[in-house]
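Quick notes on the structure that follows.
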Amino acid sequence: ARDACWYVDHSSSVCGVRGENTPEHPPLGKWLIGVPIKLAGMHPTDWRLASALAGIATVILVFFLALRLLMSPLAAMFAAGLLAVEPLSVVQSRIATLDVFVTFFGVASVLFCVLDWDSTSGRFLPPWRLLAGVACGAAVASKWSGLFALVTVAALTIYAERARLIQALPSIAICLGLVPAMTYAATYSGRLHGKLATVPWSSHSYFRALAHRTVTMWHDQTGHFATSAYQSPPWSWPLLRRPTVHYASVSHGQIREILAVGSPLIWWFGIAAAAVASALAVRSRGRDRAAVAVALCAGLAYLPWLLLAHGRSFVFLYYMTPVVPFLCLAVGWAAARARGAWQFIPLAFAVASVLLLAFWWPIMTAQPISYGAWRERVVFHDCRQRDQPQHLPPDSHGLPQAWVKLLHGSPPSGWCWV
């Protein structure tokens, strides 16, 4: 939020910074957060607004994606409804971070890709494929993890064009290569100085400035990192071993907390459904396109982290945010296949998901609750004793000293939600 404010205001007194604090990330997400700040000011409602709208819009996109793939309005409503009540998505849509924009543009790119499958356009550059490329570029321009969306859309497009792949390759290269690159480069407008109408290697070239910024970002992303108490390896994310606490405050014998944790119901059933979809996609030899889409979307959104995070400790559970819509889609896919008595399971699943959200709502939204009520909701406590609420320092001079203390140190070795 402070960087977004700096983008649109350049006032240290208003923004609380004297320059960009997160140059390791691309600018689009910060530009989007900055628009409401520019219009209304640096207030909590305003710097949260862009994220909230992106989260809400993603629910709508999941509905249309599921409707197109599953051909069932009920299954589409079920999948979108699960995303609307999934705790991690709700939390990330209420704060000013970048992952919710990667999620929005990633789901949009997959939807455009699926619409391209059924398009009757005979153009060399089909409109839906072009839009998919723009959305992929926007995902990468929000955060580099948006590359997973580009890989997913490329895989889905190659799958759809497998019968005429040689003829389609030029179109795919332009729509999913050149167009995303141009979209990505355009988002740096106002952040880089240089001329477009000059050779790329000129010292005054915009593209040379972009290349220099990219190299710097790469070093920032792959160098040595300070230890965070909330870092966790990607293999542990589906197990919900170490969620991220975005905020904690202790005052008057009560604790307020914002815990970024996923729904075990949606995550675990979604992963199981995606695995079944993968098996059916192979068994059908690719003829079951819904199963192929579910398997590729869920797999390519998460599995690359298992390789890319090797040797990089500074990764967090909330990086799963772009994966969650496709887990909801996987559960919706499984619900669409339910027959007989199994048809009542989605209703029970939906009710349980809503009840879980209601139960966790106080620790997701910084509502003041007693230590006992907090302990009932935060179920894993294999943590350092000094991090338990009764040992945390209370607020002082309006500052959350508990949050400052929790941030420091290494992550605990066990299952810890503190």
Side-chain angles (χ1 to χ4, degrees), residues 28 54 57-73 75-76 79-80 83 101-142 146-184 186 274 277-278 280-281 284-301 304 322-323 325-326 328-330 332-333 336:
L28 180 57
T58 304
V59 173
I60 298 171
L61 291 176
V62 166
F63 171 80
F64 287 108
L65 175 60
L67 183 63
R68 198 75 180 190
L69 285 174
L70 308 179
M71 307 302 293
S72 167
L83 181 62
F101 300 108
V102 178
T103 306
F104 167 72
F105 289 118
V107 174
S109 67
V110 172
L111 173 60
F112 296 150
C113 177
V114 171
L115 291 171
D116 179 55
W117 287 0
D118 299 326
S119 173
T120 57
S121 172
R123 299 179 183 179
F124 174 66
L125 302 178
W128 288 119
R129 191 174 299 172
L130 281 170
L131 284 175
V134 172
C136 286
V140 181
S142 298
L147 280 168
F148 300 162
L150 178 57
V151 172
T152 301
V153 170
L156 290 171
T157 304
I158 291 172
Y159 157 76
E161 296 285 8
R162 62 193 183 280
R164 50 181 298 273
L165 185 58
I166 299 299
Q167 298 93 318
L169 277 179
S171 172
I172 295 173
I174 293 174
C175 292
L176 302 181
L178 181 60
V179 170
M182 292 174 62
T183 303
Y184 178 83
S278 301
L280 290 180
S284 70
R285 297 184 180 180
R287 288 188 292 270
D288 189 336
R289 73 173 198 171
V292 170
V294 168
L296 285 177
C297 290
L300 292 176
V323 186
F326 301 119
C328 296
L329 177 65
W333 172 82

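Basis for what follows: all heavy atoms, side chains included, without hydrogens, waters or symmetry-related copies. From a predicted model like this one, the values you see are computed outputs, not experimental measurements.
- Scanning all heavy atoms of the two residues, the minimum distance from Ala54 to Phe104 falls at O-CD1, 4.0 Å.
- Put simply, CG on Leu150 and CG on Leu300 are 11.0 Å apart, with the number rounded to the nearest 0.5 Å.
- What you find for Ala79 and Ala66 is that their closest heavy atoms are CB-CB, 4.2 Å.
- At least one side-chain heavy atom of Leu178 sits under 4.5 Å from a side-chain heavy atom of Met182.
- Taking 4.5 Å as the limit, every side-chain heavy atom of Phe326 sits out of range of all side-chain heavy atoms of Leu296.
- Between the OG1 atom in Thr157 and the CG atom in Asp116 there is a gap of 6.0 Å [rounded to 0.5 Å].
- For the residue pair Ser121 and Pro127, the shortest heavy atom distance occurs at OG-CD, 3.8 Å.
- Considering only heavy atoms from C-beta on, Trp333 comes within 4.5 Å of Leu70 through its side chain.
- In this structure, Phe148 and Val140 have side chains that are not in contact, with every pair of non-hydrogen atoms separated by 4.5 Å or more.
- For Pro325, the side chain to side chain contact (heavy atoms under 4.5 Å, CB included) partners two or more places apart in sequence, or in a different chain, are Thr58, Val62, Leu83, Thr103, Val107.
- Asp118 is not listed as a side-chain neighbour of Trp128, based on a closest heavy-atom distance of 4.5 Å or more.
- Sparse packing is recorded around CZ of Arg285, with 12 or fewer heavy atoms of other residues, nucleotides or ligands lying under 6.0 Å away.
- Contact between Val102 and Ala139 at its shortest, heavy atoms only, is CG2-O, 3.9 Å.
- In terms of heavy-atom proximity, Ala290 sits nearest to Leu69 at CB-O, 3.7 Å.
- Applying the ring-ring contact (aromatic ring centres under 6.0 Å, His included) test to pairs two or more places apart or on separate chains, those with a residue in residues 149-178 are Trp117-Tyr159.
- In this structure the side chain of Ile174 reaches within 4.5 angstrom of the side chain of Phe124, judged on heavy atoms.
- Taking both residues in full, the closest heavy atoms of Ala274 and Ala298 are given as CB-CB, 3.8 Å, listed atom of the first, atom of the second, then distance.
- From Leu176, atom CG reaches atom OG of Ser109 across 9.0 Å, with rounding to the nearest 0.5 Å.
- We find the OG-OH distance between Ser142 and Tyr184 to be 10.5 Å, quoted to the nearest 0.5 Å.
- Side chain to side chain, Ser171 and Arg129 meet the donor-acceptor criterion of an N or O pair below 3.5 Å.
- A salt bridge (charged side-chain N to carboxylate O under 4.0 Å, His left out) check over residues 163-177, counting only residues at least two apart or in different chains, returns the pairs Glu161-Arg164.
- By the 4.5 Å heavy-atom criterion applied to side chains, Ser72 and Leu67 are not counted as neighbours.
- In this structure, the separation between OG1 on Thr183 and CZ on Phe105 is 10.0 Å, given to the nearest 0.5 Å.
- Residues Leu156 and Cys297 are in side-chain contact: their nearest non-hydrogen atoms beyond the backbone lie under 4.5 Å apart.
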